[in-house]
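Just follow the structure's listing: the first ligand is 1, and inside any ligand the first atom is 1. Numbers here simply count residues along the sequence, with the first being 1.
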Amino acid sequence: MTTPLRAEQPAADRDLSLVIPVFNEEALLPELFRRLDGVLVPLGIGYEVILVDDGSQDATPALLRAQVARDPRYRALHFSRNFGHQAAVTAGIDHAAGRAIVILDADLQDPPELIPLLLARWREGFEVVYGVRTKRKENPFKRFGYFAFYRMLKRLTNVEIPLDAGDFALIDRRVAEVLRAMPERNRFVRGIRSWAGFRQTGLVYERDKRFAGEVKYTFAKLLRLALDGILSFSYVPLRLAVYLGLTVSASTFVLGIVFIIYHLAGGAAPWGWASTMVAILFMGGVQLLTLGFIGEYVSRIYDEVKQRPLYIVATREGF
Ligand code: UDP
Ligand code: MG
């Protein structure tokens with residue numbers, strides 16, 4: 001992790017930090033700034049907005065630079081390339097100076113108007129206030145995917161990861177320090193946020209449609225995130241080999257006895273091609289599957305061992 005280079009800031013800046021990952025979002029940035037100002041200025045507290053440009057290829061970097069020049073409360077980090085949403089969130093948290101830190105998407109799916117509500121719960125004494133999505137205005141296929149994923153995650157892990165809670169959340173400075181101290185490379189922020197503990201509560205909200213532009217989370221990125229979530233919080237896939245192995249051995253044992261009885265009863269053995277094929281293919285499938293799972297864990301261990309930085313900041317503005 002690159003060490004956050006943070007200039008001394010006036011105390012007024014330290015009440016609230018917003019962390020916003022941005023990847024090729026030129027179409028919606030003016031609207032984002034307008035909505036943010038509409039919510040943040042009336043709050044009457046010191047705040048900073050940290051925009052993390054995750055290697056954008058469009059006009060995003062220039063638009064962020066202009067905003068930082070226009071308003072000293074805005075800061076920007078520009079990655080050297082695309083490192084992904086979770087890395088961008090991590091970088092933002094690493095650089096945030098506020099006593100409370102709110103993480104939200106740039107596409108206005110998480111309404112900034114909820115920030116005062118998050119702050120209210122935080123002032124009641126909660127260190128983590130996470131958004132819980134009720135209605136998702138997305139296609140049914142994706143909605144089902146999310147629904148199934150969160151329920152599977154709950155079954156497979158011991159950590160109390162709340163259902164339907166994404167990265168949109170307020171975290172207290174103390175939780176941010178915990179996250180910062182966690183060196184893991186395969187980051188599943190909503191998971192480690194739950195894992196950190198402290199007093200946590202949910203805030204139910206309706207997730208809006210993306211304001212403009214295309215979805216930046218490709219299917220491959222989403223799948224990778226889902227795998228990170230399950231593999232970094234569960235050993236169940238590793239134990240699959242044990243369960244499957246036991247099941248197959250036990251059934252083979254029973255089958256063996258059946259064969260013996262059949263033989264003793266004078267039966268010849270006209271067992272054919274089909275049963276052999278089924279047994280071979282079934283075992284081949286089971287072995288490849290469990291080997292594949294082991295491979296997933298090994299590749300993640302390899303990532304951790306290499307100790308490469310999670311992200312590379314090429315330039316910082318406004319810090
Ligand atoms: N994003 C990012 N890096 C990426 C992909 C997405 O920083 O590689 C940002 C994107 O600009 C947006 C947020 O992450 O602010 C969520 O992305 P998106 O809306 O595309 O995904 P969703 O979660 O809504 O499916
Ligand atoms: Mg979105």
Side-chain angles (χ1 to χ4, degrees), residues 18-36 49-64 67 74-96 101-112 114-115 130-150 153 164-169 185-191 193 205-229 310-315:
L18 254 60
V19 168
I20 309 180
V22 193
F23 180 49
N24 294 339
E25 304 285 15
E26 61 180 3
L28 52 75
L29 286 176
E31 175 66 7
L32 173 69
F33 300 145
R34 196 187 65 74
R35 291 266 298 269
L36 286 178
V49 180
I50 301 179
L51 302 154
V52 187
D53 163 24
D54 187 11
S56 301
Q57 301 290 333
D58 62 359
T60 297
L63 288 170
L64 298 189
Q67 181 66 12
Y74 282 76
R75 321 185 186 314
L77 296 170
H78 299 273
F79 282 180
S80 61
R81 63 167 171 83
N82 181 245
F83 279 90
H85 176 246
Q86 301 289 298
V89 169
T90 303
I93 295 174
D94 287 346
H95 288 75
I101 298 163
V102 170
I103 297 133
L104 80 164
D105 284 354
D107 61 2
L108 294 166
Q109 281 197 281
D110 311 320
L114 292 177
I115 293 172
Y130 52 82
V132 179
R133 299 138 179 195
T134 46
K135 283 194 202 129
R136 271 177 182 278
K137 294 162 190 164
E138 258 146 347
N139 71 53
F141 179 71
K142 206 168 173 184
R143 279 215 306 266
F144 175 76
Y146 277 109
F147 180 86
F149 168 71
Y150 282 116
L153 189 67
D164 306 312
D167 289 330
F168 177 48
R185 262 111 261 273
N186 296 292
R187 281 183 108 73
F188 185 62
V189 175
R190 59 202 75 167
R193 187 188 68 212
Y205 76 109
E206 268 185 39
R207 195 148 208 244
D208 285 336
K209 272 210 180 72
R210 161 176 270 282
F211 176 74
E214 293 290 307
V215 177
K216 303 303 174 324
Y217 249 104
T218 57
F219 182 71
K221 280 181 179 171
L222 214 51
L223 195 65
R224 162 97 200 175
L225 181 71
L227 270 177
D228 274 347
L310 269 165
Y311 55 84
I312 297 166
V313 177
T315 48

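Tested against S56 for a side-chain contact (heavy atoms from CB on, under 4.5 Å), the candidates L64, N82, N24 yield a single pass: N24. If you run side-chain contact (heavy atoms from CB on, under 4.5 Å) between L225 and each of R187, R190, H85, only R190 comes through.
Of the possible polar contacts, none joining the Q109 side chain to the K209 backbone as a donor-acceptor pair under 3.5 Å is found. Between the side chain of S80 and the backbone N or O of V313 there is no donor-acceptor pair closer than 3.5 Å. Put simply, the side chain of D54 never gets that close to the backbone of A88: no donor and acceptor are under 3.5 Å apart.
In this structure D105 satisfies the salt bridge (charged side-chain N to carboxylate O under 4.0 Å, His left out) test together with R207, sequence neighbours excluded.
The aromatic rings of Y150 and Y146 lie parallel to each other, with less than 30° between the two planes, well short of the 60° mark.
For a heavy-atom separation below 4.0 Å, the residues in contact with ligand 1 are P21, V22, F23, E25, D54, N82, G84, H85, D105, A106, D107, Q109, K142, Y146, R207, R210, V215, K216, Y217, K221.
At a cut-off of 2.8 Å, D107 is counted among the residues with an N, O or S atom near the Mg ion (ligand 2). Residue Y217: no N/O/S atom is found under 2.8 Å from the Mg ion (ligand 2).
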